[in-house]
**Student:** 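Mind looking over this structure? Questions follow.
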Amino acid sequence: MSAVYRLGRETAPSPVHTQQVQAAADFGAGGMAGIEVTLVDSTLRDGSHAVNHQFTVEQVRAVAASLEAARVPVIEVSHGDGLSGSSLVYGLSGTDEYDLIRAAAEVTTDTALAVLLLPGIGVRHDLDRAQELGASVARIATHCTEADIADVHIRHARDRGMLTVGFLMMSHMATPAVVGAQARIMADSGAEVVYVVDSAGAMLPGDFAARVLAIRDATDDSVLVGVHAHHNLGLAVANSLAAVHAGARWVDACGVGLGAGAGNAPLEMIAASFERAGIGTGVDVRAAIDLAEDVVRPVMARPVQGDRPSVLLGYAGVYGSFLIHAERAAAQFGVPIADILLEIGRRKAVGGQEDLIVEVAAGLAAARAAAPVG
Ligand SMILES: C[C@H](O)CC(=O)C(=O)O
Ligand SMILES: [Mn+2]
């Protein structure tokens, strides 16, 4: 006899059930009314990965002007790997990033310009140059367990009067307690905002919430918390909502999601869903939707999408900007990109280890050549 399924409950809802309904309603329409956040658009920085660092001055002018028209308060412009990222290891820029920063500054007045800097790739002098061109927000990024290497850069940016942000990349690789402790180091250096960064797009909503709460705890709410989500598992918008619910107040997004891997949280979806949730962003939703379609989509060299390699990045916890490097290595050595990404994930490679991708691909190709046929 087949099983009989009961549909619906006949008893009155229990108090526990009522509490659950209330908690769930926080994530429904209007559920986060009264919360105000700062949206940061990173199309012209994280999006650089997705166009192989080939943004032109004209594209930057068009995107920056449309972001200002949509009232996005902060936009980030740099090489995908931050200031001075243009190199053989990370990918050469088509146009000098300082020309791109200048171009963005020329077409914006109300929008603050942000730059990203990874200590070791960029140096303090790069921040000075960017500031002279109009950048007022410095985002200093380290691997999530290496906050101490950002100390001099964070102090330098603060001393120069820049709004200073710490950016803890690959946050899925550290426990909430470790992320909290690392955020504390950045706060002690002078960061005013510290980000949970899901570089691999591997985190789930609860992972974000736990890390946001841990940072708030470890810093006694002395810094604002930011969220930078990638869409490799299709969760960037939901993860951003969960982070805001837990107390994050700076939120990154990119037009159409243009960014590494399957991209970032799409700006137009963040603006629209946040407005439905009651979260204030100050962004003109209609203008954000239009700029995504009319200005950003035409500059996309390739679609950002949850295709096989992108989902694998999230599944294996691999740094999003490794995608293009892995595609090249797969083609060069004739091995499946899936095998490369899974092995990179197994080795827990972190940003800066791009050369390991070639080593892994070469090793896989050698193993295949040595394997007995049949
Ligand atoms: C250098 C990285 O692309 C920074 C970033 O956006 C991330 O880790 O995610
Ligand atoms: Mn990113």
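Numbering starts at 1 and runs along the sequence shown. One-based numbering, in listed order, for ligands and for the atoms of each. None of the values given here were measured: they were computed from a predicted structure.
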**Student:** Take Asp128 and Arg124 through the salt bridge (charged side-chain N to carboxylate O under 4.0 Å, His left out) test and state the conclusion after the steps.
**Tutor:** CA-CA 7 Å; Asp128 303 349; Arg124 282 173 288 177; over 6 Å; no
**Student:** Which one holds for His230 and ligand 1: side chain close, backbone close, both close, or neither close, with close meaning a heavy atom under 4.0 Å?
**Tutor:** side chain
**Student:** Provide the number and element of each atom of ligand 1 under 4.0 Å from a heavy atom of Tyr319.
**Tutor:** 1 (C), 2 (C), 8 (O)
**Student:** Please report whether ligand 1 has a polar contact with His49, defined as an N or O pair separated by less than 3.5 Å (distance criterion only).
**Tutor:** yes
**Student:** Assess whether salt bridge (charged side-chain N to carboxylate O under 4.0 Å, His left out) is satisfied between Glu327 and Arg302, documenting all intermediate values.
**Tutor:** CA-CA 13 Å; Glu327 283 175 348; Arg302 51 190 272 158; 2.8 Å; yes
**Student:** Distance only, no hydrogens: is a donor on one side chain within 3.5 Å (strictly under) of an acceptor on the other, for Ser48 and His53?
**Tutor:** yes
**Student:** Would you mind running through ligand 1 and noting each atom that sits below 4.0 Å from a heavy atom of Val197?
**Tutor:** 7 (C), 8 (O), 9 (O)
**Student:** Near Gly80, which atoms of ligand 1 are under 4.0 Å from a heavy atom of that residue?
**Tutor:** 1 (C), 3 (O)
**Student:** Can you pull out the closest protein heavy atom to atom 6 (O) of ligand 1? Residue, atom name and distance to 0.1 Å, please.
**Tutor:** Arg45 NH2, 2.7 Å
**Student:** Please check if atom CZ in Arg276 has more than 12 non-hydrogen atoms from other residues, nucleotides or ligands closer than 6.0 Å.
**Tutor:** no
**Student:** With salt bridge (charged side-chain N to carboxylate O under 4.0 Å, His left out) as the criterion, how do Asp188 and Arg184 come out once you've worked through the C-alpha distance, each side chain's angles and the decisive distance to 0.1 Å?
**Tutor:** CA-CA 6 Å; Asp188 289 346; Arg184 179 63 199 247; 3.1 Å; yes
**Student:** Between Ser222 and Asp220, do the side chains contain an N or O donor and an N or O acceptor separated by less than 3.5 Å?
**Tutor:** no
**Student:** With respect to His228, determine whether any N or O atom, backbone or side chain, lies less than 3.5 Å from an N or O atom of ligand 1.
**Tutor:** yes
**Student:** Nearest protein heavy-atom contact for atom 8 (O) of ligand 1: which residue, which atom, what distance?
**Tutor:** Ser199 OG, 2.6 Å
**Student:** Might you point out which heavy atoms bring Asp110 and Glu68 nearest each other, and give the distance in Å?
**Tutor:** N-OE1, 3.1 Å
**Student:** Quick one: does Ala141 get a heavy atom under 4.0 Å from ligand 1?
**Tutor:** no
**Student:** Search all heavy atoms of Gly259 against all heavy atoms of Val304 and return the closest pair with its distance.
**Tutor:** O-CG1, 3.6 Å
**Student:** Would Ser321 count as being in polar contact with ligand 1, using the rule that some N or O on each side must be under 3.5 angstrom apart?
**Tutor:** no
**Student:** The Mn ion (ligand 2) and Asp46: any N/O/S contact shorter than 2.8 Å?
**Tutor:** yes
**Student:** Give a yes-or-no answer on whether the side chains of His230 and Asn239 include a donor-acceptor pair shorter than 3.5 Å.
**Tutor:** no
**Student:** Examine all N, O or S atoms of His49, backbone included, and report whether one is under 2.8 Å from the Mn ion (ligand 2).
**Tutor:** no
**Student:** Nearest 10°: the angle subtended at the Mn ion (ligand 2) by His228 NE2 and His230 NE2?
**Tutor:** 100°
